[in-house]
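Data first, discussion second: the structure below is written as structure tokens.
The chains referred to below are lettered A, B, ... by the order of the sequence lines, with proteins before strands, and numbering in each begins at 1. Worth saying up front: this structure is predicted, and the values here are computed from it rather than measured.
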2 protein chains.
Amino acid sequence: MTKEMPPKIIIPADPEHQALRFNRVREAHQTETAEDYVELIADLIETQGEARVVDLATRFGVSHATVNKVILRLNREGLVVNKKYRSLFLTDEGRELAAKCRERHQVVTDFLKAIGVPDDIAELDAEGVEHHVSAETLKIFKAFTRKTRKIS
Amino acid sequence: MTKEMPPKIIIPADPEHQALRFNRVREAHQTETAEDYVELIADLIETQGEARVVDLATRFGVSHATVNKVILRLNREGLVVNKKYRSLFLTDEGRELAAKCRERHQVVTDFLKAIGVPDDIAELDAEGVEHHVSAETLKIFKAFTRKTRKIS
DNA sequence: CTCAAAGTGTAGCCATGGCAACAAATTTGA
DNA sequence: TCAAATTTGTTGCCATGGCTACACTTTGAG
């Protein structure tokens, strides 16, 4: 668009490629909320017997109105089932996603701890990082953690 | 909020603490855009001599209208200076932030490569991960990369 | 059984960051 | 020089995810 034919100046990085990178991050953001919600819903159902709007709101530190709005979207997207004034449930797809996320979350947390990040910080960082780690990197994380555990 | 006094059910994680985690991620998101923009503006100024709206739009893969909107915000926040129909500049604060981001970006990328992530994937993942890595973890990343380099 | 408390839903507001379409300025090339 | 192409700005639309305020169920204590 800017200067195609006359390459009078060094191109630091292929613009198109860089755009792909940022698109990838944007897409990740769109799924992040969904992932966090289904993961927590699954957790709550397991540990508390049911997932309720109040609990989600408390855990996420947002208002129940916000939770409701997100739940509406997740319902629309076929991840969550909700009946009025009743606790929340996951669809098969939701459960699947939750499982995947939990697994990934664990891998990232374990990896961070394995390389020496203090537990509390590892938990904090994992929360943000997990959504942006590719399958390939995840595999490497897993292998690394395994290796480290053998040694120690 | 839900069940304080009667702990009839196991608490899986301190809700308040978990809320802090998610708040942290949300804050990170708010700064992400700013960080990406100042970083790219700095890059463009260095390599191209100037940073222009079109270039930012191309690199980020968004419309120039979007870029303009973000620039407006960054201006409001004192990171970017823009005069109408002129190329973009960073304030001192903006330059500082850009430097910090570039450094951090490099550390994350190098670390991923050091643990064996293929270069192209490392670049991709770093883009999303960098904004969510704490100073402590970053330090550990750096140390690890250094150590690995010595070995090889 | 009733009624207040707790939980849930809804409406309306805000900022962000997407977009397209149109307007205006600047740059360029013939 | 001056018209066309490019770049930039603006407007108005959308979805998301924040919030408060208010309305409505459900629940549970008395």
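An OP1 or OP2 oxygen of C:dT16 is reached within less than 4.0 angstrom by a side-chain nitrogen or oxygen of B:Arg76. Remark: B:Asn68 is in phosphate contact with D:dG9, judged by side-chain N or O atoms under 4.0 Å from OP1 or OP2. For C:dG17, neither phosphate oxygen OP1 nor OP2 lies less than 4.0 angstrom from any side-chain nitrogen or oxygen of B:Thr66. Side-chain nitrogen and oxygen atoms of A:Lys84 include none within less than 4.0 Å of the OP1 or OP2 phosphate oxygen of D:dC24.
Of the candidates C:dG18, D:dG17, C:dA20, C:dA20 carries the atom nearest the B:Ala65 side chain, counting heavy atoms from C-beta on. The side chain of B:Thr33 sits closest to C:dG17 out of D:dT8, C:dG17, D:dG18.
If you measure from atom CG of A:Leu56 to atom P of D:dG18, you get 12 Å, rounded to the nearest angstrom. At whole-Å resolution of the value, CD1 in B:Ile71 and C1' in C:dT16 are 14 Å apart. Going from atom CG of B:Leu72 over to atom C1' of D:dG12 covers 15 Å, rounded to whole Å. Whole-Å rounding puts the A:Leu88 CG to C:dG7 P distance at 14 Å. Between A:Gln30 atom CD and C:dG17 atom C1' the separation is 11 Å, expressed in whole Å. Between the OH atom of B:Tyr85 and the P atom of C:dA23 there is a distance of 13 Å, given to the nearest Å. Separating the CD atom of A:Gln48 from the P atom of C:dG7 is a distance of 13 Å, rounded to the nearest angstrom. If you take CG of B:Asn75 and P of C:dT16, they are 13 Å apart, rounded to a whole angstrom.
When each of A:Arg73 and B:Val53 is assigned the nucleotide of DNA chain D with its nearest heavy atom, B:Val53 is the one assigned upstream, toward the 5' end. Across the interface with DNA chain C, nearest-nucleotide mapping of A:Lys69 and A:Ser87 shows A:Ser87 to be the residue nearer the 5′ end. Map B:Tyr37 and A:Arg86 each onto its nearest nucleotide of DNA chain C; the residue landing nearer the 5' end is A:Arg86.
Judged purely by atom type and a 3.5 angstrom limit, A:Thr91 uses its side chain to pair as donor or acceptor with the backbone of A:Gly78. Proximity of a side-chain donor or acceptor of A:Asn23 to a complementary backbone N or O of A:Ala19 within less than 3.5 Å is detected. Here the side chain of B:Arg104 pairs a donor or acceptor atom with the backbone of B:Glu130 at under 3.5 angstrom.
When the shell of 6.0 Å around CD of A:Glu77 is examined, it contains more than 12 heavy atoms from other residues, nucleotides or ligands.
Checked against B:Glu127 for a side-chain hydrogen bond (donor to acceptor under 3.5 Å, both in side chains), the options A:Arg21, A:Arg24, A:His132 give a single hit: A:Arg21.
One cannot find a donor-acceptor pair under 3.5 Å joining the base of C:dG7 and the side-chain atoms of A:His64.
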